[in-house]
Amino acid sequence: MKITVVGSMSTDFVVTTKVKPNQGETVFGEKFATAFGGKGANQAVAASRLGMDVAMVGAVGKDDFGTAILDNLVKNGVAVTGVERVTHAESGSAHIVLYDNDNSIIVIPAANNEVKPANIEKFTDQLLTSDLVILQNEIPQETNEAIIDFCWQNGIQTLLNPAPARSIAKEYIEKLTYLTPNEHESAIIFPDQSRSEVLAQYPNKLIITLGAMGAIYHDGIKEEIVPAFEVQPVDTTGAGDTFNAAMATALLQGLEMSAALRFANLAAAISVQGFGAQGGMPTLEKMKEQSQ
Ligand code: ADP
């Protein structure tokens, strides 16, 4: 089964400090680390580790960061022929400062904003040979809309993980196969309806993740909560990314929605026990070990 992820790739630059600099001030911090990120790349890596045939579509700059991002995808078994290297923008990055109980993040989308609807022609073959196309909200909205339209016209299944939150027209929700917001994103997409109303409106399509509570959907007859696994999380970055990739993997392998969500909850529970978005993402072997 082939999954194509059309989305973002970036490098996270993470600084840990005890003192916050005031305006114009320089302080000494504690630690610095880089990590691979971008919701698109994270979901591609997670699906590949779970045994799917995965292709990434998107853009990085012609800089060293772009080269490292591609190397990391290849190392994780993700095909990168659909990733464009652009000269007019640098690779995407996130600049994260961790204070005691606090953090601040500046995201520079850069090349991720260069994935334009006009580029779709360059990767229609990738889309047409996919069993499922996964999208997130870190590339331009009009590109997501063009891909949803294209896939809908060509009978290709689509999953939109609407993170970070932004609203989406009902027309596109109708054309999606799956929509997977967390609670906060769901409230932004459906501001005028209760959670139960929207779940009933989109049975087996709308899956709302509930953090440590698991996930909820409507099976056509009733609402069902699929509870999360109880674990001690060390880093919940990328939990949603692992969840989405695992859910997609399970559904493509023919599991029913509730079994697919159980599989997704397990993958995400394993991922929150490792550091960094991609650090804890499980392989299929690890999943088998844990489910015994
Ligand atoms: P996001 O990371 O996108 O905000 P959630 O916080 O809803 O999304 O988490 C996504 C999924 O990750 C949940 O549905 C659950 O399966 C898993 N998860 C998140 N936090 C925990 C936790 N503390 N313990 C166990 N599983 C978790």
Side-chain angles (χ1 to χ4, degrees), residues 5 7-8 10 12 14 35-47 49-50 94 96 98 101 103 105 107 134-139 144 159-168 176 178-190 195 198-199 204-219 223-251 255-282 286-287 289-291:
V5 179
S8 60
S10 71
D12 293 347
V14 189
F36 293 108
K39 291 180 194 298
N42 289 345
Q43 294 181 17
V45 167
R49 287 199 192 155
L50 291 171
I96 303 163
L98 302 176
N101 285 315
N103 64 41
I105 304 178
V107 171
I134 304 185
L135 302 161
Q136 313 79 26
N137 281 345
E138 291 184 336
I139 59 170
N144 274 356
L159 184 163
L160 172 65
N161 172 222
R166 73 184 169 204
S167 58
I168 173 168
L176 286 165
Y178 306 108
L179 177 66
T180 58
N182 65 18
E183 279 190 292
H184 161 74
E185 291 146 8
S186 177
I188 288 176
I189 297 171
F190 305 107
R195 189 173 85 183
V198 282
L199 285 168
N204 295 304
K205 170 188 291 217
L206 176 65
I207 294 93
I208 303 177
T209 61
L210 308 172
M213 297 286 289
I216 187 167
Y217 76 109
H218 194 288
D219 67 7
E223 249 178 43
E224 192 188 333
I225 287 197
V226 184
F229 288 77
E230 257 182 62
V231 292
Q232 283 297 327
V234 300
D235 183 356
T236 57
T237 318
D241 294 333
T242 306
F243 179 95
N244 276 277
M247 179 190 124
T249 299
L251 289 169
L255 266 67
E256 296 288 335
M257 185 58 81
S258 95
L261 298 185
R262 200 183 132 75
F263 183 82
N265 280 333
L266 177 60
I270 295 170
S271 81
V272 301
Q273 293 173 80
F275 284 102
Q278 296 180 12
M281 285 174 177
K286 178 111 186 176
M287 289 287 285
E289 259 168 48
Q290 298 281 320
S291 57

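Read the numbers this way: they start at 1 and go in the same order the structure lists the ligands and their atoms.
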Chemist: What's the separation between atom CD1 in I270 and atom CG in N265, rounded to the nearest 0.5 Å?
Modeler: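 Here the rounded value is 11.0 Å.
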Chemist: With distance as the sole test, does S186 use its side chain to make a donor-acceptor pair with the main-chain N or O of E183 at under 3.5 Å?
Modeler: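 No; judged by distance alone, with no hydrogens or angles, the pair does not exist.
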Chemist: Where do G274 and D235 come nearest, in terms of heavy atoms and distance?
Modeler: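 Taking every non-hydrogen atom into account, O-CB, 3.6 Å.
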Chemist: Between A239 and S271, which heavy-atom pair has the shortest distance, and what is it?
Modeler: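 Looking at all heavy atoms of both residues, the shortest contact is CA-OG, 3.9 Å.
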Chemist: Which of the atoms in ligand 1, numbered in the order shown and given with their element, are less than 4.0 Å from a heavy-atom of N265?
Modeler: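 In order of numbering, the contacting atoms are 14 (O), 15 (C), 16 (O).
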Chemist: side-chain hydrogen bond (donor to acceptor under 3.5 Å, both in side chains) with N161: which of Q43, E185, K39?
Modeler: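 By the side-chain hydrogen bond (donor to acceptor under 3.5 Å, both in side chains) criterion, N161 pairs with just one of Q43, E185, K39: Q43.
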Chemist: Which protein non-hydrogen atom lies closest to atom 13 (C) of ligand 1, naming both residue and atom, and how far is it?
Modeler: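 Among all protein heavy atoms, the one nearest atom 13 (C) of ligand 1 is G211 O, 3.3 Å.
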Chemist: Return the closest protein heavy atom for atom 14 (O) of ligand 1 as residue, atom name and distance.
Modeler: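 Sorting protein heavy atoms by distance from atom 14 (O) of ligand 1 puts G214 O, 2.8 Å first.
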Chemist: Looking only at heavy atoms of A163, does any of them come nearer than 4.0 Å to an atom of ligand 1?
Modeler: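 Distance cut 4.0 Å: A163 fails for ligand 1.
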Chemist: What residue and atom, counting heavy atoms only, is the protein's closest point to atom 26 (N) of ligand 1, and at what distance?
Modeler: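 Going by distance alone, atom 26 (N) of ligand 1 is nearest to A228 CB, 3.9 Å.
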Chemist: Assess whether atom CD of E223 is packed by more than 12 heavy atoms of other residues, nucleotides or ligands within 6.0 Å.
Modeler: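 Counting neighbours around CD of E223, more than 12 heavy atoms of other residues, nucleotides or ligands fall under 6.0 Å, so yes.
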Chemist: Any idea which atoms of ligand 1 are less than 4.0 Å away from a heavy-atom of V231?
Modeler: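 Matching atoms, with element in brackets: 24 (N), 25 (C).
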Chemist: Okay, side chain of N182, backbone of H184: is any donor-acceptor separation there less than 3.5 Å?
Modeler: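 Side chain of N182 to backbone of H184: a pair is present.
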Chemist: What are the atoms of ligand 1, with element, lying closer than 4.0 Å to any heavy atom of P233?
Modeler: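 Counting from 1, the qualifying ligand atoms are 23 (N).
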Chemist: Do L266 and R262 come close enough that some side-chain heavy atom pair is under 4.5 Å?
Modeler: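 They are not in side-chain contact.
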Chemist: Just which atoms of ligand 1 are under 4.0 Å from any heavy atom in F229?
Modeler: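 Every atom of ligand 1 under 4.0 Å from some heavy atom of F229: 24 (N), 25 (C).
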Chemist: What atoms of ligand 1 come closer than 4.0 angstrom to any heavy atom of T209?
Modeler: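 Listed by number with element, the hits are 5 (P), 7 (O), 8 (O), 10 (C), 14 (O).
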Chemist: Could you check atom 4 (O) of ligand 1 against the protein and tell me its nearest heavy-atom contact, residue, atom and distance included?
Modeler: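 Its nearest protein heavy-atom neighbour is N182 ND2, 3.0 Å.
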Chemist: Distance under 4.0 Å to a non-hydrogen atom of A212: what atoms of ligand 1 satisfy this?
Modeler: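 Those atoms are 20 (N), 21 (C), 22 (C), 23 (N).
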Chemist: Is it the case that the side chain of N144 and the backbone of Q136 share a donor-acceptor pair, with hydrogens and angles ignored and the cut-off at 3.5 Å?
Modeler: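 It does hold such a pair.
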Chemist: What atoms in ligand 1 come closer than 4.0 Å to a heavy atom of F243?
Modeler: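 Counting atoms of ligand 1 from 1, those under 4.0 Å from F243 are 11 (C), 14 (O), 16 (O).
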Chemist: Which residue and atom name correspond to the protein heavy atom nearest atom 2 (O) of ligand 1, and how close is it?
Modeler: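 Checked against all protein heavy atoms, atom 2 (O) of ligand 1 sits closest to G240 N, 3.2 Å.
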Chemist: For ligand 1, which atoms, with element, lie under 4.0 Å from some heavy atom of A268?
Modeler: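 Answer for ligand 1: 12 (O), 16 (O), 17 (C).
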